[in-house]
There are 2 protein chains.
Amino acid sequence: MRPQKAEKTDEVQGLPRITKQRRAIFAALQGDASHPTAEEVYLRVKEELPHISLATVYRNLKLLARQGLIREISTGEGPNRYDFRTHEHAHFQCDRCGRILDVEMGLPRELTRDLERTGFRVRSHELVLHGLCPDCGAASSAD
Amino acid sequence: MRPQKAEKTDEVQGLPRITKQRRAIFAALQGDASHPTAEEVYLRVKEELPHISLATVYRNLKLLARQGLIREISTGEGPNRYDFRTHEHAHFQCDRCGRILDVEMGLPRELTRDLERTGFRVRSHELVLHGLCPDCGAASSAD
DNA sequence: ACCCGATTTGCAAATGCGTCGCAGGTGTTA
DNA sequence: TAACACCTGCGACGCATTTGCAAATCGGGT
């Protein structure tokens with residue numbers, strides 16, 4: 001059986017392969033709650049695969065995100081970040097320390113339902129909150 | 001009475017002036033619900049001030065946003081966009097036509113209240129929804 | 001109206017982040 | 001193992017935005 005070919009008129013590329021780079025990048029993300037940037041993932045993976053290219057890291061992070069295996073976060077401030085947790089949740093970026101923290105917060109159904117009633121089709125959403133995280137909020141009070 | 005000087009240890013710059021460029025940029029945004037990019041604002045303002053620089057447009061859009069006179073939107077896809085409406089509302093970006101539409105949707109109080117109860121201080125949030133807008137949703141059904 | 005100093009502008013160069021083209025390497029199926 | 005599509009590493013490129021700097025401008029005080 002031949003590998004599945006692109007059949008749609010769309011530019012669908014064939015099935016992704018499991019290369020050692022792709023595996024290493026995915027593995028580097030597992031369990032890492034720090035929401036690393038591509039650059040940070042690159043540095044980490046480099047320890048295992050010293051010859052890996054930054055472009056490869058970018059390509060694979062994008063690909064893994066398209067596959068839904070990881071999540072891509074754009075905060076509108078600095079480079080994109082990546083999250084191994086793919087379930088619905090929001091992100092909180094601290095104004096002071098810049099860290100991004102996961103926030104278990106789903107968008108109320110009724111909000112999107114209202115939208116869909118007016119003809120929209122909601123596929124996904126991205127919610128980023130800004131302010132002070134517990135650590136920095138406390139430090140700031142002390143000032 | 002002397003003009004107010006920067007007194008804080010922080011790098012606070014003096015009071016913003018009302019230059020014709022700044023006024024024109026702000027004016028260009030008023031009533032424009034299309035969420036233009038800096039480039040688009042630049043082209044529009046250029047008609048009135050042919051010698052204006054793109055850098056000036058960038059600088060002023062950032063400044064106006066810091067002043068809270070306009071809102072900066074980063075969709076994580078392409079350049080930043082600007083919105084003359086500063087009240088709390090979300091944005092919907094259409095997967096097909098790329099347009100950004102305003103969505104009158106506020107984040108439920110209880111969600112942020114829960115967060116603040118765990119030590120966070122929420123200053124603002126940015127909510128971007130993705131999917132198909134009414135126009136494109138209909139077109140897509142026809143395919 | 002004129003001064004004066006801080007802010008702003010225009011310009012070009014620089015930066016940051018990410019993508020692309022290509023030649024050679026590698027995973028996967030037959 | 002052959003074949004071929006997918007992938008990789010590399011450097012060059014692209015877009016969006018920022019920055020350095022000298023000249024222009026704003027706006028309060030005189």
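Just so it is clear: chains get the letters A, B, ... in the order the sequence lines come, proteins before strands, and each one is counted from 1.
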Is the number of heavy atoms from other residues, nucleotides or ligands within 6.0 Å of CZ (A:Arg109) greater than 12? no
Would you kindly give the CG-to-C1' distance between A:Leu15 and D:dC4, to the nearest whole Å? 13 Å
Would you mind reading off the distance between B:Leu63 atom CG and C:dT7 atom P, rounded to a whole angstrom? 12 Å
Fellow cluster residues of A:Ile18, listed by chain then number, with links counted only when side-chain atoms sit under 4.5 Å apart: none
Between C1' of C:dT7 and CZ of B:Arg22, the distance in whole Å: 8 Å
Tell me which pairs pass salt bridge (charged side-chain N to carboxylate O under 4.0 Å, His left out) where either residue lies in residues 24-35 of chain B, with sequence neighbours left out. B:Asp32-B:Arg44
Just how far, in rounded Å, is P of D:dC7 from CZ of A:Arg23? 14 Å
Tell me: CZ of B:Arg66 to C1' of D:dT17, nearest whole Å? 13 Å
Can you list every pair that meets ring-ring contact (aromatic ring centres under 6.0 Å, His included) and has a residue in residues 93-122 of chain B, with sequence neighbours left out? A:Phe92-B:Phe120
Closest to side chain of B:Arg17, choosing from D:dT18, D:dC7, D:dC26: D:dC26
Ignoring backbone atoms, test whether B:Lys62 places a side-chain nitrogen or oxygen under 4.0 Å from the OP1 or OP2 oxygen of D:dT18. yes
Rounded to the nearest Å, what distance is computed from the CG atom of residue B:Leu61 to the P atom of nucleotide C:dT8? 14 Å
Check nucleotides 10-13 of chain C for protein N or O atoms closer than 3.5 Å to its own N or O atoms and list the pairs.
{"unit_1": "C:dG10", "atom_1": "OP1", "unit_2": "B:Gln21", "atom_2": "NE2", "d": "3.2"}
{"unit_1": "C:dG10", "atom_1": "OP2", "unit_2": "B:Ser53", "atom_2": "N", "d": "3.0"}
{"unit_1": "C:dG10", "atom_1": "OP2", "unit_2": "B:Thr56", "atom_2": "OG1", "d": "2.5"}
{"unit_1": "C:dG10", "atom_1": "O5'", "unit_2": "B:His51", "atom_2": "O", "d": "3.3"}
{"unit_1": "C:dG10", "atom_1": "N7", "unit_2": "B:Arg59", "atom_2": "NH2", "d": "2.8"}
{"unit_1": "C:dG10", "atom_1": "O6", "unit_2": "B:Arg59", "atom_2": "NH1", "d": "3.4"}

Are any protein N/O atoms closer than 3.5 Å to N/O atoms in nucleotides 13-16 of chain D? If there are, list each pair with its distance.
none

DNA chain D: B:Ala38 or B:Ile18, which has the more 5' nearest nucleotide? B:Ala38
Length of the line joining A:Ile73:CD1 and C:dC17:C1', which is rounded to integer Å: 17 Å
ILVMFWY clustering at 4.5 Å (side-chain atoms), partners of B:Ile73: none
ring-ring contact (aromatic ring centres under 6.0 Å, His included) contacts touching residues 46-86 of chain B (sequence neighbours left out): none
Could you pull out all residues at least two apart from B:Arg113 that satisfy side chain to side chain donor-acceptor pair (under 3.5 Å)? none
Less than 4.0 angstrom from a charged side-chain N to a carboxylate O is my criterion; do B:Arg121 and A:Asp95 meet it? no
Select base, sugar-phosphate, or nothing to describe what A:Lys20 touches, counting heavy atoms under 4.0 Å on all strands. nothing
With ring-ring contact (aromatic ring centres under 6.0 Å, His included) as the rule and sequence neighbours excluded, what pairs involving residues 97-116 of chain A come up? none
Rounded to whole Å, how long is the line connecting atom OH of A:Tyr42 with atom P of C:dG18? 15 Å
